[in-house]
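Notes for the one structure printed next.
For clarity, every value in this text was computed on a predicted model and none was experimentally measured. We name chains A, B, ... by the order of the sequence lines, and we start the count at 1 in each one.
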Amino acid sequence: VIDRFSWLVEQARSGNCEVLPELREVLDGRPELWQFYGNLGRLAELAWIEALVGKDLFLKENVQRKLAQIRADLGVGHASPLERLVIERIALNWMRVHHADLAASQAMTNSSSTKMLEFWQKRLTDAERRYMVSIGALATVRRLLPTEAIQERAGAEEALPTIQSQADTPAGDLMPPLRIVGRER
Amino acid sequence: LHDVHNNRCVLRSTNTGKVTLKPFSPDFIEIDVLSSGRATEGIMAWRSRNGIRYYYQTTKVNGRPVNRYIGRGDDAEQVAAEVEERKASRNKTRLEILGAREQVTVADHLAKLSDEGTDLLLEACLRAQGYHRTAGHWRGARRAKSIRSFS
């Protein structure tokens with residue numbers, strides 16, 4: 001399904017209008033497509049949480065609450081499936097920015113070498129760029145695609161990973177100072 | 001290069017220059033990987049003539065390695081120690097960067113896949129609605145509107 005889907009998008013990209021009905025059909029009738037990319041985003045999120053907090057479960061809980069707050073702020077509760085995917089991506093990129101930011105600060109505090117500082121600075125710049133691109137993507141979705149159309153299209157609200165509703169938690173106040181934890185050897 | 005603290009070895013292929021990180025093995029001791037792969041401050045720093053060791057410092061002049069005679073005695077030992085210290089510092093940094101990169105490799109890869117997937121879905125939805133992309137901007141609002149009203 002994924003290969004066929006990629007091929008259809010490729011054809012549409014090159015201006016082939018004949019594939020559009022099939023593309024719509026795939027988007028309409030294949031909830032597993034949305035589930036696949038939703039799960040991929042969830043896996044990436046777990047990997048980044050581990051990179052950010054290591055084995056500290058308290059920090060993990062706090063980061064997860066912060067992510068839930070970000071999602072809630074972006075209106076994930078009444079978003080279309082596509083919007084949800086983009087919101088997940090924004091939350092993921094928020095983590096990447098903070099990971100690189102913390103690591104760069106630690107490298108500066110630990111008087112690391114210039115090369116090390118350059119490495120983290122480059123990663124930080126890259127993460128910030130991705131973060132801005134993902135915010136731009138959400139703006140594009142909301143501007144150009146009416147919510148009802150996408151909801152009908154995907155029909156896969158239950159297929160997407162469930163998002164914890166913890167909007168009321170003042171996660172920002174609970175966040176303890178983070179530090180990058182190295183992998184256990 | 002043996003990272004004693006983490007008990008790992010950095011191996012650099014002399015053919016491809018590719019660097020790999022492996023658990024330490026005593027077999028790796030004999031492999032002088034980093035110095036053999038680099039022209040500067042290299043393996044021929046001490047040269048022996050008539051049983052006396054002389055130190056040569058290798059530097060780059062206009063991109064070409066040049067051996068500078070330092071001599072023997074305390075001065076040579078001092079220069080050699082400084083060079084070794086610089087080399088150790090560079091290797092330490094290299095190991096740190098490798099370790100940091102290794103720590104986020106999986107997360108980076110998954111995030112990249114997720115990003116690409118979301119982009120693909122976004123593009124598919126927009127194209128299915130009749131939009132097209134020109135110079136990075138999505139256009140075709142009128143066509144999209146007519147498709148929506150038709151469907």
- Item | Toward chain A, the part of R101(B) with a non-hydrogen atom under 4.5 Å |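 Both the backbone and the side chain of R101(B) come within 4.5 Å of chain A.
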
Examine whether an atom of [X] lies under 4.5 Å from a heavy atom of chain B, and if so say whether it belongs to the side chain, the backbone or both; otherwise answer neither.
X	result
R143(A)	neither
S134(A)	neither
L43(A)	both

Can we say [X] and [Y] salt-bridge, meaning some charged N sits less than 4.0 Å from an Asp/Glu carboxylate O?
X	Y	value
R123(A)	D108(B)	yes
E123(B)	R127(B)	yes
D126(A)	R130(A)	yes

- Report the option among L110(B), L121(B), T118(B) that has the most heavy-atom pairs separated by less than 4.5 Å from atoms of chain A.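 With the most close heavy-atom pairs to chain A, the winner is L121(B).
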
- Name the member of T93(B), D115(B), L113(B) that forms the most heavy-atom pairs with chain A at distances under 4.5 Å.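 The answer is D115(B).
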
- Is the side chain of R24(A) donor-acceptor paired with the backbone N or O of A128(B) at a distance under 3.5 Å, no angle test?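 Judged by distance alone, yes, a pair lies under 3.5 Å.
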
- Item | Aromatic plane relationship, W48(A) with H99(A) - under 30° parallel, 30 to 60° tilted, over 60° perpendicular |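 Taking W48(A) first and then H99(A), their aromatic rings stand perpendicular (interplane angle over 60°).
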
